[in-house]
Structures are given as C-alpha cells and as structure tokens.
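First the proteins, then the strands, lettered A, B, ... as listed; each starts at 1.
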Amino acid sequence: MSVLQVENIKKSFGKDIVLRDISFDIKKGEVLAVIGPSGSGKSTLLRCVTLLEKVDFGYIAYDDLVMTKPTGEKGKAVYSDTQTLQQIRRRFGLVFQNFNLFPHFSVLRNITEAPVCVAGKSREQAESQARTLLDKVGLRDKEHAYPCELSGGQQQRVAIARALAMQPEILFFDEPTSALDPELTGEILKVIRNLADENMTMVIVTHEMAFARDVSDRVIFMDGGVIVEQGDPHQVLENPQSERTRAFLTRFSQN
Amino acid sequence: MQMTLNNVLNMMLRMLETSQTTLLLFFSTLIFSLPLGLLMAFGRMSRIRPVSWLMKMYLLVMRGTPLMLQLIFFMYGIDLPFSRLQVAIIAFSLNYAAYFAEIYRGGIESIPIGQHEAANVLGFSKSQTYFRIILPQVIKKILPPMGNEFMTLVKDTSLAQIIGVMEISALANKMQAYYVTILPVIIAGVFYLVMNSVVSSCFSLAEKRLGYYN
C-alpha cells in the first residue's frame with residue numbers, strides 16, 4: 001500500500017517550469033532521499049505534496065485520500081474540497097530548512113499547540129506526549145525554554161518533535177541540516193536515523209550524500225524538474241547510470 | 001486679576017474635572033480605532049482588488065488631510081444626531097484607525113512567511129493562524145510605533161475644541177483669557193505630560209513583558 005502516490009505532476013511559476021513530469025510513490029516504512037542541484041525542483045516537489053504550493057497538472061493521493069486529480073479542462077489539476085485537504089494535512093508532517101518554530105511559544109507549547117487546537121487533544125494529554133517526544137530528541141530539559149534560547153540543532157529537533165506530535169503517517173524533511181553549522185548536523189541526522197529504525201515513512205531532501213546512502217531505502221536524483229535517476233542508494237550514489245547524476249556527484253564531491 | 005491660592009486651586013480642580021472629557025475622548029477613540037484599524041489592515045491586504053483599492057484610498061484621505069478639517073467636516077458637513085463629544089470620538093476613531101491600520105499591516109507583513117507555512121502544515125485554520133501565531137508576534141513588533149500614536153493621541157485630543165468640546169486645552173484657553181495669566185496653559189501642559197508619562201510607562205512595561213523572545 002502506498003502512503004503517497006504522485007503521478008505526472010507539473011508545476012510552473014509563470015514561464016518558469018519547475019516540475020516537468022514527476023511520478024513516484026512511497027510505501028509504508030520506506031525512507032526516500034531526494035538529491036539534486038539547487039533549482040532542480042526538489043523543494044518545490046516537497047511544497048506541492050504538502051499543500052504549500054498547488055500543482056498545475058497531475059495526480060496526488062495519500063493512500064485513499066485524493067488531494068488532486070487531472071480532471072479539469074485540458075487535464076488541469078482539480079483539488080479536493082477543503083475538508084479532504086484538511087484530513088490530508090493530518091497525514092503528513094513537514095520539517096523546514098529553517099525550523100519555523102513559533103518564537104513566542106515555549107518549546108512545550110510549540111509541540112502541544114497543534115495537538116490541542118487542531119487535533120482536539122486535552123492539554124495534559126498533549127503535554128505528556130510532548131515530553132515523550134522531547135525525550136526522544138534529547139531535549140527533555142528544554143521544555144520551558146524559548147526557541148531563541150536554543151542552538152540551531154536544538155531548534156530543529158524541537159521542530160521534528162512538533163511535526164511528530166501530530167502523529168503523521170509520513171514525514172517530509174526539506175534540507176533539515178542546510179541552515180546548521182556543520183558540527184550540529186550530526187544531532188539531526190541521528191534523530192532521523194532513529195526514526196528510520198522505528199520504520200517511520202520519510203522523504204528527505206538533502207545534500208548529505210553519505211547520510212542519504214546510509215539511511216534511505218531509495219534515492220531519487222532530480223535535475224531540471226525531472227527525476228533523472230532513482231533506485232538503490234548505493235547504486236545511484238556510487239555507480240550512477242546517468243551522465244547528469246555522475247556530473248552532479250563529481251561536482252558535489254569536489255566542493 | 002490678582003492670583004490667589006484659592007484661584008489656583010480652583011483652576012486645578014476645574015482642570016481635573018475637565019480632564020475626564022479628555023480621558024473619555026482618549027479611551028473611546030482607542031476602544032473603537034484599535035479593532036477598526038485591524039479590520040482596515042485586512043481590507044488593505046485583501047486579495048480582492050476593489051476592496052484593497054478602496055481601503056488604500058480611504059487611508060490616503062484620512063492620513064493625508066488634517067484631523068482638524070475632518071473634525072469640522074464631521075461636525076458641520078454631515079448632520080449626525082450626536083453630541084459634540086460623540087462626533088469628536090467618531091472623527092478621532094476613523095482617523096486613528098487609519099494610522100493603526102498601516103501599523104498593523106507593517107507588523108503583519110514583517111512576520112516571516114515560514115510562520116504561516118508552519119501553521120498551515122500543522123493544520124491550523126486561517127483564523128487560528130492569525131489569532132494564535134501571527135497577531136501575538138505582531139503586537140510585540142508594533143509596540144514602539146503604537147506608543148508614538150498613543151502619545152500623539154493624548155495631545156491631539158486638544159483639537160476637539162475646534163468643534164466646541166470643552167476639554168482641558170479649551171478650558172486652559174478660556175481661563176487664560178479670564179484670569180489674564182499663562183498659568184492655566186502651563187497647568188494644562190503638565191496634565192498632558194502626566195498622562196503621557198503613564199502611557200509611556202505602560203508601553204515600556206509591555207515591551208519588557210514581551211522581551212522574553214526575539
């Protein structure tokens with residue numbers, strides 16, 4: 001059973017075509033790494049499946065819930081009603097590159113706000129769950145801190161806990177370590193690795209090639225708005241079939 | 001006229017009494033203009049073109065013409081079934097709401113788009129996002145410009161005398177003419193200064209209270 005199914009999606013910003021024809025799906029428990037040069041459409045892809053952008057064409061569904069299907073004029077994407085989209089939002093979580101924690105809330109409140117206001121949990125229930133999650137990301141002692149008092153790595157771990165608090169079936173990461181100092185990336189990658197061990201379904205847009213190779217079950221290489229190559233991480237990263245993938249990886253390892 | 005201690009005390013008592021009108025004008029204006037300004041800010045930021053255009057024109061007129069002229073217009077230009085003080089409250093509220101609207105808009109637009117996106121992904125509705133995530137952060141950002149406006153409003157209440165509202169400046173003018181001394185004007189000045197000291201302290205306190213985050 002696919003947690004997420006994406007078929008032939010296309011997206012442009014004005015004349016700029018960002019996604020040309022993307023199809024892929026993710027099985028339960030799978031970890032998918034998406035790599036590629038900047039401007040290849042990776043982040044836009046993530047934003048489209050998380051409803052932050054709308055695709056122009058194509059089909060996207062979370063299991064039985066259809067987000068959009070190409071039933072419009074000339075195959076244009078038609079989105080489902082708001083209620084369905086709201087149900088879909090409950091199925092995924094997204095971790096941003098620059099955390100986007102709520103600065104006016106404590107760490108605990110950052111994590112409990114959505115479970116209480118959106119999922120209708122009681123505050124006690126949400127708080128005890130939040131503490132379990134903080135334990136998991138190693139920040140149990142920071143529940144009363146405010147985001148501005150935390151390091152980037154700690155903020156990102158709170159952001160992960162915040163996303164997990166809504167108990168998503170799939171978790172997306174948009175370059176989760178790109179805004180961090182190199183010495184702080186390790187703590188984030190460790191948390192993601194632990195989630196992978198717990199069979200969390202994840203899609204990770206990343207520039208950490210070694211991490212992608214070690215943690216993911218499948219790697220997608222994107223360039224120019226298309227999926228150039230995909231498959232087993234060792235295969236794609238160590239023995240790429242496509243010239244473009246090879247060129248990217250060579251350029252990447254030189255930097 | 002000879003200034004006796006009795007005269008001075010009498011002056012101050014009448015000032016104190018009249019300051020009620022000034023305070024009433026001040027607080028009523030805030031009560032109406034603060035929420036009204038927020039609505040205007042939303043109108044100004046509306047994606048519906050005619051709404052945002054109309055709002056823009058309104059804000060231009062209200063901020064681009066003297067409050068004194070607006071007072072005269074509301075008093076004598078249209079026939080409103082209200083007292084002079086009530087007309088002053090209406091004119092002040094409509095005028096100050098326009099300034100507040102622009103301050104709110106500046107504050108709302110300064111909140112990073114990532115805050116909206118994070119709330120959206122977590123499933124917050126539009127109104128939850130505004131009232132729980134965005135506006136609390138806006139309040140912190142707009143405190144300094146709001147403080148300015150509040151202090152200006154304290155002083156602007158003196159304009160209401162142009163339509164015959166008896167507030168403390170009007171009283172000071174009258175007393176000055178009657179007693180032929182500048183003293184009432186100085187007393188009135190002290191009144192405004194005291195009121196603005198309170199306003200200023202309140203804002204400092206609020207900024208301190210909200211200083212726990214960046």
Name the member of A:C148, A:P168, A:G93, A:P103 that forms the most heavy-atom pairs with chain B at distances under 4.5 Å. A:P103
Heavy-atom contact with chain B under 4.5 Å, split by part of A:L94: both
Hey, mind stepping through A:K136 and A:E198 against salt bridge (charged side-chain N to carboxylate O under 4.0 Å, His left out) and telling me if it holds? CA-CA 12 Å; A:K136 202 165 170 170; A:E198 291 170 22; 2.9 Å; yes
For the side chain of A:S2 and the backbone of A:Q5, is there at least one donor-acceptor N/O pair under 3.5 Å apart? no
Please state whether the side chain, the backbone, both or neither of A:Y146 comes within less than 4.5 Å of a heavy atom of chain B. side chain
Toward chain B, the part of A:F99 with a non-hydrogen atom under 4.5 Å: neither
If one checks every heavy atom of A:R91 against chain B at 4.5 Å, the contacting part turns out to be neither
Would you say B:M12 has more than 12 foreign heavy atoms packed within less than 6.0 Å of its CE? no
So, the side chain of B:Y212 versus the backbone of A:H104: is there a donor-acceptor pair under 3.5 Å, distance only? yes
Is the backbone of B:Y213 close enough, under 3.5 Å, to the side chain of B:K140 for a donor and an acceptor to pair up by distance? yes
Using a heavy-atom cutoff of under 4.5 Å, enumerate the residues of residues 120-129 of chain B that contact chain A, numbered in order, or state 'none'. B:N120, B:V121, B:L122, B:G123, B:F124, B:Q128
Please look at A:I88 and chain B and tell me whether the side chain, the backbone, both or neither of the residue comes under 4.5 angstrom of a heavy atom of that chain. neither
So if I take each residue of residues 151-166 of chain A and look for any heavy atom under 4.5 Å from a heavy atom in chain B, which residues do I end up with? A:R162, A:M166
If only atom types and distance count, is the side chain of B:Q70 paired as donor or acceptor with the main-chain N or O of B:M62 below 3.5 Å? yes
Counting N and O atoms only, with roles assigned by atom type, does the side chain of B:E102 sit under 3.5 Å from a partner on the main chain of B:L59, one being a donor and the other an acceptor? no
